[in-house]
Amino acid sequence: MPRTELTRTYEPNAVEARWYPWWEEQGCFHIQPDSGKPAFTINMPPPNITGQLHMGHGLQDTVQDTYIRYKRMKGFDAHWQAGKDHAGIATQNVVEKMLRGEGLTRHDLGREAFLERAWEWRNKYGDIITEQKRKLGDSADWRQEVFTMDPGPSRAVREVFVHLYEKGLVYQGDYIINWCPRCHSAISNEEVNYEDRAGHLWHIAYPVLDASGAPTGEKIVVATTRPETMLGDTAIAIHPESERTAHLKGKRVQLPLVGRVIPVIEDDFVDREFGTGCVKITPAHDPNDFEAGVRHNLERILVIDGTGKMNVNAPAKYQGMDRYECRKAVLADLEAEGLLVKIDDHQHSVGQCSRCDTIIEPWLSKQWFVKVKPLVGPALAAVADGRITFHPAHWANVYNRWLENLRDWCISRQLWWGHRIPVFYCEDCGAMMVTREDPTVCDTCGSTDIRQDEDVLDTWFSSWLWPFTTLGWPDVDAQKFKHYFPTDLMVTGYDIIFLWVSRMVMASLEFTGEVPFRDVFITGIVKDEQGRKMSKSLGNGIDPLDMVKSYGADAVRYSMTILNTEGQDIKLSEQKFELGRNFANKVWQAFRFLHMQDWSVLGTDFDVSQPRPIELADEWILSRLHSTIKAVDQHFDRYRPNESLQAIHEFIWSEFCDWYVELIKPRLYDKEDEGRRRDALANALHVFTRAMQLLHPFMPFLTEEIWSHIREGLGELGAKQPWGDALMMHDYPELSDALVSEEVEARFRLVQGITVALRNIRAEQQVSPKQPIKVVLQGPSEKLGVLEPVKHYVSQLALAESFELGGERPRPAAANVVDGVDVLVALAGLIDLDAERARLQKEQQRLSGFITGIEKKLGNESFVSRAPEEVVAKEREKLDAAKLDLERIQHNLSELG
RNA sequence: GGGCGAUUAGCUCAGUUGGUUAGAGCGCUGGUCUCACAUACCAGAGGUCACUGGUUCGACUCCAGUAUCGCCCACCA
């Protein structure tokens, strides 16, 4: 049967381009809700439609796809729910930028036309990121993809808003929110990034007035980092029990530059020690001051508008100035009046908009909020009682702490792109209506003059519903919802535990009564080589698509998986992808070797699913295979896919390639005996195909390619195999405990030990690898008995021309001791006696130290009496074995003279 | 100010419930272009597990404290 020739090294690009479309055509990714299979569901964190693939996806998609493929092969109806996020602010920014290029603003277009442009943009560019994800091999059923602004999720958002409103959990009110003067919108606490900045603390003197309103000459000094806000001050606060400021109680002061007379109030939020002990109060521009204002019924004067400019409430000369321009002006004017008494350098944290980095203005405005307290308790309970488990577990602390301190969530955004708030106002009577369907008449006065709230909802207001709205909720009878919800696994970085994970739990419990997912796999963050976050501004990002092109998607997946050790951030450099490329090539080479054998010997009844253990090497590799299967499953179960892959790597590279393949070569090359050739090849193919199945979830392209060559190689036989066409649809190898044998592995370890000892002698004595050596083994008969049937393994692996068990000692000889067996190499004339002596002496020293240690331990009465019996017994065994080895070493030393 | 994480070989990191005089990859040294693979093979060097106490028969592992680094949270006017 003719076979396609394989490339000399693995070339991933062509392979990957071939298999992805084929999988999609074959429907390999399709969900099967009717199959009767149990569901396994992961909800893919929906990328923004403005998103570009970055290494965070490289990491997280790899983890998710690996689990999806693993579970699919394990017989689950694996559903990786894909979707995309409309990304309110980000998208609106992009579209507005595009408009600016045309010399337009969104206001020029008007709301409707603007939204049309936004949809156009979404339709044109919104799928780029999912196209990129395909390059990684993501095996999602893309037909199921959902967009946050699709009718389904939109209906769900509205349902949820109305539900919460009816329950009193959504309310509107005037509060201090984080305002971005560039986005012209409120944002939530979680969308503000704080950064320590060097600033100033300006000390300003406010003249004190007497009862008649005349200046007493006394001044109160307050300190501020934002002098421009003083224009909106409506009080000065002191601590009620502070002696330092007691004399100011009940006084009034005149606000400089403005002239307003404002009271001194007493409030214990003031820190007595800090600064002068006096605080200026600006209720409209500071959250603390706002609270104080509520307590003391103070006027709230907004002096900055939504664009960051001073408004009509500021004195005329400042009106229209930008807030920072105004700051300068205010300072200059205070200085001129002699009221600026001190300027200190001051380090303080400044909030910035996470979307555009503009400095946030705490700003009083009317917004919609979610009352979160009632949602927190159930969310905490779900983790506390184990319905949800974090991996690693310590992230539950972060989750808990955040929830415990959660403040109400500002959900209204002054944007156009997003889910419009379903609140309607009657223009005639002012009645407010919050409804599931758009009202046409006012339910209070019957007027038809109705206006919808201008604002849209925070993007996260649709995201927090994602695990169930993607599956059809609020239609709780939807097949997908019933079959796939609650989902099984959530994979994400620790940076969005607050923004997303905890909110999904709250929402899910409130609206479905169920947890959204059972396990949360928290990955580290991908950093650059120096541990810095990858960012555009630093230019230190590594583009996953470039890496796919240079090293192959499987290599990227391999490296991201293997580097993803629990709880650690990943320090990434391009070089790290060589790990994956090299391993892919190693697997390829192993297959090339099998591929170039004569497969016609397999006969017509060959069944690749059957092991064929004929001799020790076969039994050993099967035992190792099944030990590996067991380990892989266990590590998957404890959410350590890196260790699963490590185990597979070691099995293939260090065990299959380094030992098994080397050992079956003589059998494969046996011209005389076709049966021997067949058995060796059959078992090797059996083991190798199992290994490909194990590896498939991690490296799908490579393994699929190899399987296709196996299929081709088997010709008509291929069709008879119990597996389908696509490797990815195969069953995962099942563990067979019967094939795991510690006794077999122990025997093989002796072979390995002796082989290494001989190679070591070769290296130390600088004997060319080509030069055959004469070997004699001396030792206990049971050990020699074990070796008897497989001594050809050793002579083959170490190139021994003769190999005697229990023969006469050659003199002079290089010697090594392995597990009580003397490994002696006749090296007449060639031996470097000094090197040999040095090596033996070193070994002697090591053993003596070892023995002393154990003897000390065993000499300790408390150890013997208190340690478990088996531990003591093990120590005794170790001691005996070491003593035996030491004796032999000493004997060999004396033989050297 | 509070919390979390890290500290193990030159580098990047493993080390499962305390019981091996500590493991891997990369790098390094020496030897091999051996008919699957130099993106490889063979052999080897290299660590008082940050520090100090404690618990224990026994600590890289558990406890307390210290130091250094990193991250998160917080209403430092």
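Here is the naming used below: chain letters follow the sequence lines, and residue numbers restart at 1 for every chain. The shown structure was predicted, so the numbers you read here are calculated from the model rather than taken from an experiment.
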Across the strands shown, which category fits [X] at heavy-atom distances under 4.0 angstrom: base, sugar-phosphate, nothing?
{"X": "A:Gln575", "answer": "sugar-phosphate"}
{"X": "A:Arg866", "answer": "base"}
{"X": "A:Lys770", "answer": "sugar-phosphate"}
{"X": "A:Phe498", "answer": "sugar-phosphate"}
{"X": "A:Val279", "answer": "base"}
{"X": "A:Arg640", "answer": "sugar-phosphate"}
{"X": "A:Phe656", "answer": "nothing"}
{"X": "A:Gly853", "answer": "nothing"}
{"X": "A:Arg407", "answer": "sugar-phosphate"}
{"X": "A:Lys576", "answer": "sugar-phosphate"}
{"X": "A:His595", "answer": "nothing"}
{"X": "A:Val661", "answer": "base"}
{"X": "A:Lys842", "answer": "sugar-phosphate"}
{"X": "A:Trp653", "answer": "sugar-phosphate"}

### Query
Is the distance between the ring centroids of A:Phe698 and A:Phe636 less than 6.0 Å?
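Aromatic pair counts; centres sit under 6.0 Å.
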### Task
Run the ring-centre check on A:Trp395 versus A:Phe390 and record whether the distance is less than 6.0 Å.
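Centroid distance A:Trp395-A:Phe390: not below 6.0 Å, so no.
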Measure from the side-chain heavy atoms of [X] and tell me the nearest of [options].
{"X": "A:Ser862", "options": "B:rA77, B:rC37, B:rC57", "value": "B:rC57"}
{"X": "A:Glu643", "options": "B:rA14, B:rA36, B:rA77", "value": "B:rA14"}
{"X": "A:Arg581", "options": "B:rG15, B:rC57, B:rU39", "value": "B:rU39"}
{"X": "A:Arg8", "options": "B:rC37, B:rG15, B:rA36", "value": "B:rC37"}
{"X": "A:Leu579", "options": "B:rC26, B:rC13, B:rA43", "value": "B:rC26"}
{"X": "A:Lys571", "options": "B:rG5, B:rC37, B:rC13", "value": "B:rC13"}
{"X": "A:Asp658", "options": "B:rU39, B:rC41, B:rA77", "value": "B:rC41"}
{"X": "A:Thr565", "options": "B:rC13, B:rA77, B:rA36", "value": "B:rC13"}
{"X": "A:Gln589", "options": "B:rA36, B:rU21, B:rA77", "value": "B:rA36"}

Who does [N] pair with, Watson-Crick or G-U, both distances under 3.5 Å?
{"N": "B:rC71", "result": "B:rG3"}
{"N": "B:rA59", "result": "none"}
{"N": "B:rC13", "result": "B:rG23"}
{"N": "B:rA38", "result": "none"}
{"N": "B:rA64", "result": "B:rU52"}
{"N": "B:rG47", "result": "none"}
{"N": "B:rG18", "result": "none"}

Any side-chain donor paired with an acceptor under 3.5 Å for [X] and [Y]?
{"X": "A:Asp569", "Y": "A:Tyr494", "result": "yes"}
{"X": "A:Tyr175", "Y": "A:Asp408", "result": "no"}
{"X": "A:Asn585", "Y": "A:Gln589", "result": "yes"}
{"X": "A:Asp344", "Y": "A:His200", "result": "no"}

Think [X] has a side-chain N or O under 4.0 angstrom from the OP1 or OP2 of [N]?
{"X": "A:Lys857", "N": "B:rU21", "value": "no"}
{"X": "A:His649", "N": "B:rA24", "value": "no"}
{"X": "A:Arg759", "N": "B:rA43", "value": "yes"}
{"X": "A:Asn760", "N": "B:rG44", "value": "yes"}
{"X": "A:Tyr669", "N": "B:rA36", "value": "yes"}
{"X": "A:Asn582", "N": "B:rA40", "value": "yes"}
{"X": "A:Lys878", "N": "B:rU21", "value": "yes"}

Between [N] and [M], how many Å separate the two [atom1] atoms, rounded to a whole number?
{"N": "B:rC26", "M": "B:rU20", "atom1": "C1'", "answer": "25 Å"}
{"N": "B:rC62", "M": "B:rC71", "atom1": "P", "answer": "25 Å"}
{"N": "B:rA45", "M": "B:rA38", "atom1": "C1'", "answer": "22 Å"}
{"N": "B:rU48", "M": "B:rU8", "atom1": "C1'", "answer": "12 Å"}
{"N": "B:rA50", "M": "B:rA9", "atom1": "C1'", "answer": "15 Å"}
{"N": "B:rU61", "M": "B:rU7", "atom1": "C1'", "answer": "15 Å"}

#### Entry: Position toward the 5' end of RNA chain B (nearest nucleotide), A:Tyr10 or A:Ser848
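Going by which nucleotide is closer to the 5' end, it is A:Ser848.
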### Message
Closest-nucleotide mapping onto RNA chain B: is A:Thr225 or A:Val864 further toward the 5' terminus? I mean the 5' end.
### Response
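With A:Thr225 and A:Val864 compared, the 5'-side residue is A:Val864.
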### Listed once per pair and sorted, the side chain to side chain donor-acceptor pair (under 3.5 Å) pairs that draw on residues 845-854 of chain A, sequence neighbours left out
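Counting only pairs at least two positions apart or across chains, the side chain to side chain donor-acceptor pair (under 3.5 Å) contacts touching residues 845-854 of chain A are A:Glu843-A:Arg846.
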### Any side-chain heavy-atom pair of A:Glu361 and A:His285 under 4.5 Å
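A:Glu361 vs A:His285: side chains touch.
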### Query
Would A:Ile761 and A:Arg839 count as a side-chain contact (heavy atoms from CB on, under 4.5 Å) if you check the C-alpha gap in whole Å, the side-chain angles of each, and the deciding distance to 0.1 Å?
CA-CA 9 Å; A:Ile761 288 172; A:Arg839 193 169 53 78; 3.7 Å; yes
### Message
Rounded to whole Å, how long is the line connecting atom CD of A:Glu529 with atom P of B:rG27?
### Response
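Spelled out: CD on A:Glu529 to P on B:rG27 is 14 Å.
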### Query
Can a donor-acceptor pair under 3.5 Å be found between the side-chain atoms of A:Gln568 and the base atoms of B:rA14?
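Flag unset: no donor-acceptor pair detected.
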